[in-house]
Amino acid sequence: MKTFKALSLLLSYPELDLQAAIPAIRATLKDEGLLGPHRMGHLEPLLASLAGDDIYDLQERYVLLFDRSRSLSLNLFEHIHGESRDRGGAMVDLLETYRAGGFDLDGPELPDHLPVLLEFLSTRALEEAQGILADAGHILVALAERLTRRQSVYAGVLEALVALVEARADTEEATALLAEPEDDPMDLAQLDKVWEEAQVSFAPDPNAGCPVSRDILARMDLPVRAAATAAE
């Protein structure tokens, strides 16, 4: 399902090639029709922003949201295992799932990074993809709610994922996550304290950059390369 690839890209670090690909991503989402007009309407603010805003502003916004706020981390196991040993086991299991499906993880992101998971799901049948994603339904609900509270244009992507798996906000797991306090990406002292508790073994290479969107674009069966070339 190309929809999962498109949503993966929309949650990836903004770069110029992603900006150039927005028309193709929008067309793919509309043509496949998995989300429907209502959800597409909720995605339009993000699509318009990614296509037209200054790239440095987009990158700064992304970092503030997803890299400097653990409560909005796109690494899914962060929300349920933190930095415990259980996270390591869950990561290994997820890697095995990828390998069994013939999916190679060759970028710097962790296996539980949501854009990476969505790209993998795009290679599976819709019912299977929905089943796998539903296991993270409570996390998706929490992320969608937190992004909505911040009036973020990224909320539309998480709302779409919640709708795709029919995740509910009234489950015990979702309620527990939503009850957790949110961190403030502008509170540098608190952020330093939080990140000091993280185990380095689970951190992505800080010098690796953010090429996940380039990697996904390169593997997408979408006419994005031509768009990127035209923009150069």
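Please read all numbers here as calculations on a predicted model, not as lab measurements.
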In the structure I gave you, are the side-chain heavy atoms of Y13 and V63 within less than 4.5 Å of one another anywhere? yes
(Q) For a 4.5 angstrom cut-off between non-hydrogen side-chain atoms, does S12 reach E119? (A) no
Residues at least two apart in sequence or cross-chain that pass side chain to side chain contact (heavy atoms under 4.5 Å, CB included) with A160, listed by chain then number, are L35
Note to self: Measuring only between side-chain heavy atoms, which start at C-beta, is L147 closer than 4.5 Å to L65?
What the structure shows: yes
Distance col, row L118:CG vs K5:NZ, nearest 0.5 angstrom, shows 12.0 Å
For Q130 and L164, indicate whether the former's side chain and the latter's backbone hold a donor-acceptor pair under 3.5 Å.
yes
A144 and V162 have their tightest heavy-atom pair at CB-CG2, 4.2 Å
For E180, the side chain to side chain donor-acceptor pair (under 3.5 Å) test, sequence neighbours excluded, returns none
Exercise for review: Apply side-chain contact (heavy atoms from CB on, under 4.5 Å) to the pair T171 and V141, showing each step before the final yes or no.
Suggested key: CA-CA 10 Å; T171 65; V141 165; over 6 Å; no
* Test item: T175 side-chain N/O and E172 main-chain N/O as donor-acceptor pair under 3.5 Å -> no
| request: Look at the aromatic rings of Y62 and Y154 and report parallel, tilted or perpendicular, splitting at 30° and 60°. | output: perpendicular
Interatomic distance, CG@L95 vs CG@D112, rounded to 0.5 Å, equals 9.5 Å
*Take atom CD in E128; do more than 12 heavy atoms of anything else shown fall under 6.0 Å from it?*
yes
Residue set satisfying ring-ring contact (aromatic ring centres under 6.0 Å, His included) with F4, at least two apart, ordered chain then number -> none
**Study point:** Heavy-atom donor-acceptor pair, E173 side chain to H138 backbone, under 3.5 Å
**Key:** no
Kindly determine whether L158 and L114 satisfy side-chain contact (heavy atoms from CB on, under 4.5 Å), including the steps that lead there. CA-CA 10 Å; L158 273 300; L114 183 53; 4.2 Å; yes
Practice task
Find out whether D31 and K2 are in side-chain contact, i.e. whether some heavy atom of one side chain is under 4.5 Å from a heavy atom of the other.
Solution key: no
dist L133:CG -> R124:CZ (nearest 0.5 Å) comes out at 14.0 Å
S49 side chain to R61 side chain, donor-acceptor N/O pair below 3.5 angstrom = yes
